[in-house]
Amino acid sequence: MTQLDQFMEHFRSWVADACQEWSYPDPDDEFYAGVIDRLGEGILSWIGVGLQKAIVKPEGLRFNVAGTSCTRVPTNGSAAGALPNLRR
């Protein structure tokens with residue numbers, strides 16, 4: 001499995017969990033292609049490396065980064081602003 005595949009597997013799971021938690025519909029493949037286009041395969045592959053090496057540690061809808069003392073969430077934490085590209 002490539003590092004990009006590693007990231008996408010986790011990302012799809014995170015998005016599915018967030019959609020379920022916040023009552024959003026699951027996004028289509030165009031959404032995921034847009035993420036790759038916006039962030040680039042290089043950055044996503046490096047996140048995949050972090051996942052493989054347990055530097056990025058998923059914890060439900062949040063994640064920790066090894067060596068930091070706080071939990072990160074990729075948004076301000078509100079359901080309304082969490083996934084702006086998804087529409088109800």
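Numbering of residues begins at 1 and proceeds along the displayed sequence.
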Problem set entry | side-chain contact (heavy atoms from CB on, under 4.5 Å) evaluation trace for Lys57 with Val65 | CA-CA 6 Å; Lys57 300 177 180 186; Val65 177; over 6 Å; no

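With sequence neighbours left out, Ile36 forms a side-chain contact (heavy atoms from CB on, under 4.5 Å) with Met8, Glu41, Leu44. Under the salt bridge (charged side-chain N to carboxylate O under 4.0 Å, His left out) criterion, Asp29 pairs with Arg12, not counting sequence neighbours. Qualifying side-chain contact (heavy atoms from CB on, under 4.5 Å) partners for Gln6, counting only residues two or more places apart in sequence or in other chains: Met1, His10, Leu51, Gln52. With sequence neighbours left out, the side-chain hydrogen bond (donor to acceptor under 3.5 Å, both in side chains) criterion links Asp17 to no other residue. With sequence neighbours excluded, no residue satisfies ring pair (Phe, Tyr, Trp, His ring centres under 6.0 Å) with Trp46.
Note that CH2 of Trp14 and CZ of Phe7 are 6.0 Å apart. Values are rounded to the nearest 0.5 Å. Here the CG-CD1 distance, from Leu4 to Ile43, works out to 12.0 Å after rounding to the nearest 0.5 Å. To the nearest 0.5 angstrom, Glu9 atom CD is 10.5 Å from Thr2 atom OG1.
By the 30° and 60° cut-offs, the orientation of the rings of Phe11 relative to Tyr32 is perpendicular.
Between Val15 and Tyr24 the shortest side-chain heavy-atom distance does not fall below 4.5 Å.
Here the side chain of Asp37 pairs no donor or acceptor atom with the backbone of Gly40 at under 3.5 angstrom.
Of all the heavy atoms in Pro27 and Cys19, the pair that sits closest is CD-SG, 3.8 Å. Closest of all the heavy-atom pairs between Gln3 and Ser45 is CB-O, 3.2 Å.
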